[in-house]
Amino acid sequence: MAILRFNALKETLHRTPVKIQEEERRSDLFGRNVFNKKAMRQYLTKESYDSLINVIDKGHKIDRSLADNISTGMKEWAISKGATNYTHWFQPLTGSTAEKHDAFFDTYGDGEAMERFSGSQLVQQEPDASSLPHGGIRNTFEARGYTAWDPSSPAFVWGPTLCIPTIFVSYTGEALDYKTPLLRSVSALDKAATDVVRYFDKKVNKVITTLGWEQEYFLVDSALASTRPDLMMSGRTLLGHSPAKGQQLDDHYFGSIPSRVLSYMRDLERECMLLGIPVKTRHNEVAPNQFELAPIFEEVNLAVDHNSLLMDVMDKVAERHHFKVLFHEKPFQGVNGSGKHNNWSLATDTGSNLLSPGKTPMKNMRFLTFFINTIKAFYENEEIIRATIASASNDHRLGANEAPPAVMSVFIGSQLTKVLNELEKVTDGKLSPQEKTELKLNVVGKIPEILLDNTDRNRTSPFAFTGNKFELRAVGSTANCADPMTVLNAIVAKQLIEFKTEVDGLISDKKMKKDDAIFNVLREYIKSSNKIRFEGDGYGEAWEIEAKKRGLSNYRNTPEALKAKISKKAIDLFAELNIMNEREVKARYEIEIEDYSKHIQIEGRVLGDIARNHIIPTAIKYQNVLIKNVKGLKEIYGSEFKNQAKQQMNLIETISEHIEQINEKVEQMIEERKKANALKDPTKMAFAYCDQVKPYFDDIRYHCDKLELLVDNEIWPMTKYRELLFTK
Ligand code: ADP
Ligand code: MG
């Protein structure tokens, strides 16, 4: 193994940036491999084109002949882009994407061949995907699962394959993927938000959700990564001593991008352009070899597809550049982990961002309405939000002494805090004309000016308002954004429905004017949700104590946090809005809780193997060298040898102690794993893995890392942190 490490290191010495072609303008490349409106116009009849646009924009149904026409055009277009195969591309609950390729190629049966792709093949498929997670949904009824075309996300050609974005549902129509509930949440929020926005603007007929994600990741040389079984099997290093230098000098953050990495990024961006993923920013992140990439925001369903696709593309492009991408939230102990900030907002079909303050008091009333309702929704449902971002890997960020913390709170900045404090003082009941004028002039009217010079930025808050959008920062870097976006859409939709009911109630029962009614309801919302607002430093004990006083939850691990997923509140929320029924909600919980146990189980196995099969034998080898040395000294110096051999003998003993500890802890961990595996109830099993198995990881690691410091570097088998993190 040590040989493997040194061979890999040698390989990295000769690496040079891979040459990439970038002769064309990005704007020319953009969307070239996407079946977008331009391609549709070219490959579809005028009627089919118009009908398809109606399907996309208005949700019209697709009939057989339309489907046939579209599939034929799509096939011809795809072949012109070099595609030979097609696939229904979907996002099952495994967290990655799934595809099953079929060839366009077909035979007539008389020796002649053709390319064929029918309407029915476009619209629906039945992949044999019986081993994808379903949380029991497919056991109970029909075992079949179907993929169905989602025309709202355009088809694209990637490599030799036409990829058709689809939803994945059971025979009974229940969601087996991330996209289905997301689409349902989008329409729930559209309805609720449109109803509310019409208090301010009757021209609005549709509200869409927008998402701009920011993807953080690490790049490690692929040769080095392949020497680490822990990285390969669990996505993170399970042991490894901290290097002398980490991120303390802050010399990597926003520094110049290493040339091999830059070449990778440019290659990646070129691929993204072709696929219509509007990537815009790239930079170094805080930790060594950590980077970030962000696109221009898009409609949420498309943005989610683009993030999932991006993660696949990143892996593929990395191969060409001899990198391995680490998406894990915490691949290395002691340096920052990775997240995926989800910038979320609402936009109308008339082109307004509903979370952007405007130039008139009316626009600002609208802004405040959506702003305050979002805060209220977040407060009321903070536990469900916490649950949606929980995973074994994200546990290393949330509540593990790294921002953001496990306590959910909202940051809005001091200027908007002042505005809300003013609004909290609004008179109960009807407002006097003077008060209204005063409010409109000096509170509501002042917002745009305020925000422009609002410079306070908070880096630790899990949910921060950043000028014209909320940024959910607690999402993990491996996560599919669909789940947190579904929850955010759902809770805000529910909140807006309540808001509308209350405002309408005041107008009809109390004969209030619309503005008065809105001010009155908002005032109560500000009061009742102020506990969630926190402007200070988001991690540390002081905030945890304060948060507890405020009654906010603080779930430090996934099994605890996931409980809220199947709370009555969550089940009712999704059912009321027709986003998921109880079975769908429970199925997801079951998949995630099992996923948690599996992750810890794998990590436990890998750590046990490495400790016993790699670390202990290496330590013994080195110990034997020391023993030989001591024996030699004894031969030369006779009874005086101890003067010369003191340090060596100490080392021999220390090594034995560490070996003993490692063996003992691995043994105990295996016992605990056995007990955990015997538990029938998946929740109990997850708690056992969390509370009984996982604590051994730190113990075992501690002794292995100590040995790393003692044992001869020449024979150490595991590629070291300094090599993984600083090879460029
Ligand atoms: P930051 O300072 O956090 O980097 P940026 O303004 O660069 O802020 O935006 C970060 C992300 O937010 C980008 O992906 C961007 O597209 C996205 N974003 C900007 N406006 C919106 C919006 N209205 N809705 C959703 N996302 C948005
Ligand atoms: Mg950001």
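Since we're looking at a predicted model, the values are computed, not measured. The figures here come from the full heavy-atom set of this structure, side chains too, leaving out hydrogens, waters and symmetry mates. Atoms within each ligand, like the ligands themselves, are counted from 1 in listed order.
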Legend entry - Donor on one side chain, acceptor on other, Glu285 and Asn336, under 3.5 Å: no
Legend entry - Proximal candidate to atom 25 (C) of ligand 1 [heavy atom criterion; set Ile208, Val279, Asn343]: Asn343
Legend entry - Contact list for residues 481-495, test salt bridge (charged side-chain N to carboxylate O under 4.0 Å, His left out), sequence neighbours left out: Asp483-Lys565, Lys494-Glu498, Lys494-Glu576
Legend entry - Centroid-centroid under 6.0 Å between Phe470 and Phe378 rings: no
Legend entry - Within reach of ligand 1, part of Lys280 (heavy-atom separation under 4.0 Å): neither
Inset, instruction - Report the member of Lys469, Glu292, Glu471 with the shortest heavy-atom distance to atom 5 (P) of ligand 1. - result: Lys469
Inset, instruction - Heavy-atom contacts with Asn353 under 4.0 Å: which atoms of ligand 1 show up? List them by number with element. - result: 23 (N)
Inset, instruction - Applying salt bridge (charged side-chain N to carboxylate O under 4.0 Å, His left out), name anything that partners Glu271, two or more places apart in sequence or on another chain. - result: Arg320
Inset, instruction - Ignoring hydrogens, just give me the one of Gln215, Glu214, His283, Glu298 whose non-hydrogen atom is nearest atom 10 (C) of ligand 1. - result: Glu214
Legend entry - Any His341 heavy atom less than 4.0 Å to ligand 1: no
Inset, instruction - Take every heavy atom of Thr466, measure it against each atom of ligand 1, and state whether any distance is under 4.0 Å. - result: no
Legend entry - Residue pair Gln290 / Ser338, side-chain donor-acceptor N/O under 3.5 Å: yes
Inset, instruction - Indicate whether any N or O donor in one side chain lies under 3.5 Å from an N or O acceptor in the other, for Asp312 and Trp158. - result: no
Legend entry - Under 3.5 Å side-chain donor-acceptor pair for Asn554 and Glu544: yes
Inset, instruction - Output yes when the distance from some N or O of ligand 1 to some N or O of Pro295 is under 3.5 Å, and no in every other case. - result: yes
Legend entry - Residue selection (non-hydrogen contact nearest atom 27 (C) of ligand 1) among Phe297, Trp344, Phe470: Phe297
Legend entry - Atoms of ligand 1, numbered as shown, that sit under 4.0 Å from any heavy atom of Ile296: 16 (O)
